[in-house]
Structures are given as C-alpha cells and as structure tokens.
Amino acid sequence: MNMRLLATRFTQRGAAAIELGLLTLPLAAITFGTTEFGRTLHQYNTLTKSVRDGARYQTTQAPGAANTLKGRCLVLTGTAANNGTSCTGAALLPGLTLSQITICDRLTCPGTHNLQATGRGVVNLVTVTVAGYQFTSMAPFFMPSFTYGPISVTMPQPL
C-alpha cells in the first residue's frame with residue numbers, strides 16, 4: 001500500500017464528526033427559529049382572520065352591547081355559539097380570552113362610530129379589536145415571547 005495514501009487516511013479520521021458537531025448548533029438555531037417564526041405568522045393570521053369575520057358578522061347585527069356576544073364568540077372560537085353569558089367551544093388560539101375582544105358600534109361608541117361622514121354620505125361603523133394577546137414562544141432562546149399590538153378591523157354598518 002502506498003504510504004502517502006495511508007498517512008492521509010489516518011489524519012482525516014474524525015473530521016466529519018467534528019464538522020457535524022460544529023454545524024449542529026447553527027442548524028438547530030435555524031430550524032427552531034424558522035418553526036417559531038412560522039407559529040408567529042400562523043397565530044397572527046388566525047387573529048386577523050377571526051377579527052375580520054367578527055366585524056363582518058357584527059355588521060349584520062343590531063347595534064348595542066346586548067348583541068355583541070355572538071360576534072365576540074365568533075372571534076374567540078370561530079363560531080357564534082354561546083350560552084347567553086359565555087362562548088361554547090374552545091378558543092382558536094391558546095391564551096385568547098373573551099375579555100381581550102371588544103366591539104364598538106354606533107351605540108357603544110357614538111362619538112366615533114355613529115353617522116360618520118364619507119365621500120358618499122354618512123355611515124355607521126363597527127370595529128372589532130383584539131388587544132393584549134400574548135405569543136408564547138416554545139423556544140424563547142431563539143425567539144422571545146411578545147404581545148401582539150391591538151388587531152382591529154373597522155367596517156361600515158348599514159343604516
């Protein structure tokens with residue numbers, strides 16, 4: 001056997017294991033970071049879609065605080081089902097509560113939502129807001145937990 005080939009074989013032993021060990025931490029950081037970023041986007045998307053659905057539903061309802069529970073339940077659980085005082089069903093997102101969801105219409109917020117002037121006349125508005133929702137990271141050393149800013153949607157309500 002050639003001595004030069006034999007010497008090269010012995011000096012390269014363990015090099016692949018060392019390279020794998022050096023790359024494991026950066027690869028894990030990329031993997032966990034990407035996963036947590038994806039969870040963040042999923043939760044934000046779920047919140048925005050549910051707030052939009054709640055606002056769309058609330059525009060078809062009579063104004064007033066007595067008629068907002070179904071809209072708030074729609075945002076919380078994805079369905080308007082309730083037992084008269086609270087929603088039936090599980091929350092769409094972990095940690096989302098009914099107290100974080102507010103609905104403002106022409107009777108509950110008359111100064112900002114009643115007969116608002118537009119280029120085509122006046123309209124009544126409905127605003128659905130989720131405030132204080134906390135994203136809890138599963139890997140806080142790669143992506144910290146944080147609170148989403150208020151997520152709200154305002155739509156016109158037929159007169």
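Scope of the values below: all heavy atoms of this structure, side chains included, with no hydrogens, waters or symmetry mates. In this text, all values refer to a predicted model and were calculated from it rather than measured experimentally.
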Could you give the distance from OG (S50) to CD1 (I101), rounded to the nearest 0.5 Å?
-> 7.0 Å
Hey, what do you get for CD (Q100) to CG (L93), rounding to the nearest 0.5 Å?
-> 10.0 Å
Any side-chain heavy-atom pair from V153 and M155 closer than 4.5 angstrom?
-> yes
Would you check if there is a donor-acceptor pair between the side chains of E36 and S137 at a distance under 3.5 Å?
-> yes
Grab the two heavy atoms, one from S152 and one from T129, that are nearest each other, plus how far apart they are.
-> CB-OG1, 3.2 Å
Which atom names give the shortest non-hydrogen contact between S86 and C73, and what distance separates them?
-> C-SG, 4.3 Å
Check the pair L115 / R106 against side chain to side chain contact (heavy atoms under 4.5 Å, CB included), numbers first and verdict last.
-> CA-CA 8 Å; L115 301 176; R106 73 180 186 93; over 6 Å; no
What is the distance from atom CG of L98 to atom SG of C87, rounded to the nearest 0.5 Å?
-> 4.5 Å
Could you tell me the separation between the CD1 atom of I151 and the OH atom of Y133, rounded to the nearest 0.5 Å?
-> 9.5 Å
Answer with yes or no whether the hydrophobic clustering places V130 together with L76; edges join I, L, V, M, F, W, Y residues whose side-chain heavy atoms lie under 4.5 Å apart.
-> yes
Between Y148 and F146, is the ring centre distance below 6.0 Å?
-> yes
Counting distance only, does the side-chain N/O of N67 pair as donor-acceptor with the main-chain N or O of Q61 below 3.5 Å?
-> no
Do you know the tightest heavy-atom contact between T147 and Q134?
-> OG1-OE1, 2.7 Å
Can you measure from CG (L69) to CG (N82) and round to the nearest 0.5 angstrom?
-> 4.0 Å
Could you tell me whether the side chain of Q116 and the main chain of N114 form a donor-acceptor pair under 3.5 Å?
-> yes
In this structure, which one of T108, D105, N124, T127 forms a side chain to side chain donor-acceptor pair (under 3.5 Å) with H113?
-> T127
Polar side chain donor-acceptor pair, T79 to T77, under 3.5 angstrom | no
How would you list, by chain and number, every residue that makes a salt bridge (Lys or Arg N to Asp or Glu O under 4.0 Å) with R52, sequence neighbours excluded?
-> none
At their closest point, which heavy atom of P63 faces which heavy atom of L107, and how far apart are they?
-> O-CD1, 3.5 Å
When Ile, Leu, Val, Met, Phe, Trp and Tyr are grouped by side-chain heavy atoms lying under 4.5 Å apart, directly or through other members, which residues fall in the same group as L23?
-> L27
Taking a hydrophobic cluster as the set of Ile, Leu, Val, Met, Phe, Trp and Tyr residues connected by side-chain heavy atoms closer than 4.5 Å, whether directly or through intermediates, do V75 and Y57 fall within one such cluster?
-> no
Applying side-chain contact (heavy atoms from CB on, under 4.5 Å) between Y44 and each of T40, L41, T48, report the one that passes.
-> T48
Closest non-hydrogen atom pair between F135 and Q43, with its separation = CD1-OE1, 3.1 Å
Does the side chain of Q157 reach to within under 4.5 Å of the side chain of L125, using non-hydrogen atoms?
-> no
Heavy atoms of I103 and V126 approach each other most closely as CG2-CG1, 4.3 Å
